[in-house]
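Single-structure report; data block below.
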Amino acid sequence: MGKRLLASALFAGLLAGLVSAALQHWMTTPLILQAELYESGEMVHGAAHAHDGAHAHEGGHDHGAVGAAASGHAHDHDHGDEVGLTERAANTFMMTLVAMAGFGLLLTAGFALAERLGAGRVGLREGLMWGAAGFACTQLLTGAGLPPELPGSAAAPLLERQIWWTLTALLSAAGLAVLAWAPNPARWLGLALLALPHAIGAPHPEELWGGAPPELAGLFVARSLLIGAVGWTVLGAAAGWLWSDERRAA
Amino acid sequence: MQNTTLRHAARVDAGLVSIVGAAALGLTLVFFAGFANVTHDVAHDSRHAIAFPCH
């Protein structure tokens, strides 16, 4: 059982991690690099607009304006410090793999526990539901208080945000479990657990002073959630499938 | 009878141990990827993209 648990979790984590990391490299990392130019003062919100447009058109890029600007800046960095950027991309790939492997282990431990407690067998379809729940707990519900942020955004002290994030992820998981499995009138308490961290409220700074344009921040939030949804879908489906397949063979 | 019970108990425990072990390992990996100060620099872009609190 231990081997099956580890194997399904780690293979699923690896697959979901590779998919997520590839999407991040394509869709969010260019936005992070661009935001760092605003963070360092190399570009200034407002003054930057005309420059961006000119840059994109001179380069002859025919994709969307923001994408063109983003890749233009990534190239600028490439010329300056190619090794640094490659190493940075490798680090991002590695840490996203580590995160997804960790989430995969938690998900699969959840499968095993639920089966022991008589909640029914987990296969691909159930795995998809678990993946959706994982996405809700670690991205959607946490993101409703602390949205994905570009570097240089205004934010409350790190520790306070980490505590709120952890509390929200745990309460959301508990809330979804109660909604799914508690007997009938009590199950609605799950909604209260889901709402509690938002009633308490996420820590936010008193003043907002983020340097990056809101257009960039909005794009980053949407892309980050999209990648999270894809990653957790792959993770849940793969973990559920591997778990059930190995179970049948055993 | 007693033997069967004992064997059953041992199997139940082994199952629980692997569940707890997997969950603990999972939490450790998530902690290093998302929260630990020592991994901040390598994990920076990944943390921002996954929406772990960063900076």
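No hydrogens, no waters, no symmetry mates; every other heavy atom, side chains included, goes into these values. Nothing here was measured: the structure is a model prediction, and the numbers come from that model.
- Other residues, nucleotides and ligands contribute only 12 or fewer heavy atoms inside 6.0 Å of the NE2 atom of A/His25.
- Counting only distance, with no hydrogens or angles, the side chain of A/Gln139 and the backbone of B/Ile50 share a donor-acceptor pair below 3.5 Å.
- In this structure, B/Phe52 and A/Phe103 have parallel ring planes: the angle between them is below the 30° cut-off, well short of the 60° mark.
- Contact of A/Leu150 with chain B is made through the backbone alone, with heavy-atom distances under 4.5 Å.
- When all heavy atoms are compared, the tightest approach of A/Thr28 to B/Ala49 is OG1-CB, 3.6 Å.
- Looking at A/Ile227, neither its backbone nor its side chain comes within 4.5 Å of chain B, counting heavy atoms on both sides.
- No side-chain heavy atom of A/Glu149 sits less than 4.5 Å from a side-chain heavy atom of B/Arg47.
- One finds the CG atom of A/Leu5 at 6.5 Å from the CD1 atom of B/Ile19 (value rounded to the nearest 0.5 Å).
- The shortest side-chain heavy-atom distance between B/Asp45 and A/Arg88 falls under the 4.5 Å cut-off.
- Atom CG in A/Leu31 sits 12.5 Å away from atom NE2 in B/His48 (nearest 0.5 Å).
- The two atoms that bring B/Pro53 and A/Leu146 nearest to each other are CG-CD1, 4.4 Å, heavy atoms only.
- Across B/Ala22, B/Gly34, B/Ala43, B/Gly21, the residue that shares the most heavy-atom pairs under 4.5 angstrom with chain A is B/Ala22.
- Among A/Ser20, A/Gly13, A/Gly104, A/Pro151, the residue making the largest number of heavy-atom pairs under 4.5 Å with chain B is A/Pro151.
- At a 4.5 Å heavy-atom cutoff, the contact between A/Gln162 and chain B is made by backbone and side-chain atoms alike.
- Along residues 90-101 of chain A, the residues that come nearer than 4.5 angstrom to chain B, judged on non-hydrogen atoms, are A/Asn91, A/Thr92, A/Met95, A/Thr96, A/Val98, A/Ala99, A/Ala101 in order of number.
- How far CG of A/Leu6 is from OG of B/Ser18: 8.0 Å, rounded to the nearest 0.5 Å.
- Of all the listed residues (B/Ser46, B/Ala24, B/Ala51), the one sharing the greatest number of non-hydrogen pairs under 4.5 Å with chain A is B/Ser46.
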